[in-house]
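Being a predicted model, the structure only gives us computed values, none of them experimental.
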Amino acid sequence: MKLLKIALILMLVSSTSCQGQDKKDSISLNYSAQTRGFHLAIQLENTLLEVSKNNETQQIELTAKQLKEVIDIVKKIDLTSIKSNISIDDLAVDKAIKGVFELNFNGELYTFEFDHNNAPENIQELLNKLQSFILSEE
């Protein structure tokens with residue numbers, strides 16, 4: 001009986017630890033940049049990617065490999081150190097395109113506003129990667 005209890009405890013412990021390993025990263029991203037003559041919107045909800053640029057919209061389902069690339073880029077970004085960097089004066093004279101970046105990664109929400117043409121380097125890398133997936137589908 002004692003052996004049975006030990007075996008049961010070991011099975012429970014091992015199954016609990018395996019469940020933790022199977023947990024996948026969850027991600028949703030919304031990015032929009034707009035001025036009078038330009039509009040870009042990028043939306044990612046787990047594996048569904050939609051890019052709308054100047055009223056032309058394309059949508060694809062990311063492969064597991066593509067999603068891993070995205071998650072790897074996101075994990076490299078120090079999201080706690082990024083600051084919004086948009087200037088009201090530049091927006092007033094259309095010198096800057098306001099970009100609004102929202103990322104929900106594993107339950108943590110991050111929101112930034114910045115000049116679309118002067119985005120933080122790692123975020124620009126992420127946005128370029130997402131757009132490249134759409135371009136490769138054409």
Side-chain angles (χ1 to χ4, degrees):
M1 186 68 166
K2 193 175 190 180
L3 187 59
L4 181 62
K5 286 181 182 179
I6 292 173
L8 183 60
I9 290 172
L10 286 175
M11 284 184 356
L12 286 173
V13 169
S14 66
S15 70
T16 304
S17 65
C18 290
Q19 288 173 352
Q21 293 172 354
D22 290 341
K23 180 179 176 263
K24 295 190 181 200
D25 293 311
S26 65
I27 185 168
S28 69
L29 178 144
N30 288 305
Y31 177 73
S32 65
Q34 184 172 347
T35 189
R36 283 181 252 193
F38 175 79
H39 173 70
L40 172 66
I42 300 173
Q43 294 181 317
L44 174 65
E45 187 67 41
N46 291 317
T47 61
L48 186 62
L49 173 65
E50 181 177 291
V51 175
S52 177
K53 188 170 184 178
N54 295 329
N55 298 324
E56 186 177 315
T57 302
Q58 294 175 298
Q59 189 175 51
I60 65 167
E61 188 82 23
L62 295 181
T63 65
K65 181 182 176 190
Q66 289 171 323
L67 185 59
K68 183 182 178 331
E69 288 179 57
V70 170
I71 300 231
D72 288 346
I73 292 171
V74 169
K75 285 181 176 179
K76 287 190 319 188
I77 301 172
D78 183 4
L79 293 163
T80 59
S81 70
I82 295 176
K83 305 284 185 241
S84 296
N85 72 356
I86 193 73
S87 164
I88 303 287
D89 294 335
D90 289 346
L91 289 173
V93 293
D94 283 346
K95 184 177 175 184
I97 300 171
K98 180 180 180 179
V100 179
F101 179 87
E102 294 179 353
L103 174 69
N104 190 331
F105 186 62
N106 291 335
E108 295 289 327
L109 181 62
Y110 305 92
T111 304
F112 309 105
E113 293 182 356
F114 46 80
D115 179 347
H116 171 71
N117 294 317
N118 191 24
E121 189 175 317
N122 289 333
I123 289 181
Q124 189 62 57
E125 178 187 358
L126 175 61
L127 297 174
N128 290 344
K129 177 58 77 175
L130 292 169
Q131 291 179 81
S132 77
F133 294 145
I134 292 288
L135 292 175
S136 68
E137 291 291 315
E138 294 179 344

- Query: Any Lys/Arg nitrogen of D72 or K68 sitting under 4.0 Å from an Asp/Glu carboxylate oxygen of the other?
  - Reply: yes
- Closest approach of P120 and I82, non-hydrogen atoms and distance? CG-CG2, 4.0 Å
- With a cut-off of 6.0 Å (strictly less than), are more than 12 heavy atoms of other residues, nucleotides or ligands near CD of E121? no
- Establish, from distance only, whether the side-chain atoms of N30 and S28 form a donor-acceptor pair under 3.5 Å. no
- In short, G37 meets N54 closest at the heavy-atom pair O-OD1, 4.0 Å
- Message: Within the 4.5 Å heavy-atom criterion, are Q131 and L40 side-chain neighbours or not?
- Response: yes
- Message: Run the side chain to side chain contact (heavy atoms under 4.5 Å, CB included) test on F112 and L103 for me, step by step, so that the C-alpha distance in whole Å, both residues' side-chain angles and the decisive distance to 0.1 Å come before the verdict.
- Response: CA-CA 9 Å; F112 309 105; L103 174 69; over 6 Å; no
- Query: Any side-chain heavy atom of V51 sitting closer than 4.5 Å to one from L130?
  - Reply: no
- Determine which pairs satisfy ring-ring contact (aromatic ring centres under 6.0 Å, His included) with at least one residue from residues 34-64, sequence neighbours left out, and list them in order. F38-H116
- Query: Taking atom CD1 of I42 and atom CG of L49, what is their separation to the nearest 0.5 Å?
  - Reply: 7.5 Å
- Between I97 and A33, which heavy-atom pair has the shortest distance, and what is it? CG2-CB, 3.8 Å
- Task: Take L67 and I27 through the test side chain to side chain contact (heavy atoms under 4.5 Å, CB included) and record every step on the way to the result.
- Result: CA-CA 10 Å; L67 185 59; I27 185 168; 4.2 Å; yes
- Query: What heavy-atom pair brings K75 and D25 nearest, and what distance separates the two atoms?
  - Reply: NZ-OD2, 3.1 Å
- Report whether V100 and I123 are members of the same hydrophobic cluster (ILVMFWY, side-chain heavy atoms less than 4.5 Å apart, transitive linking). no
- Message: Within the 4.5 Å heavy-atom criterion, are D115 and K98 side-chain neighbours or not?
- Response: no
- Message: Can you give me the closest heavy-atom contact between Y31 and G99, atom names plus distance?
- Response: OH-CA, 3.7 Å
- Is any side-chain heavy atom of L44 closer than 4.5 Å to a side-chain heavy atom of F133? no
- Task: Could you check if a side-chain atom of L29 sits within less than 4.5 angstrom of a side-chain atom of V74, using non-hydrogen atoms only?
- Result: no
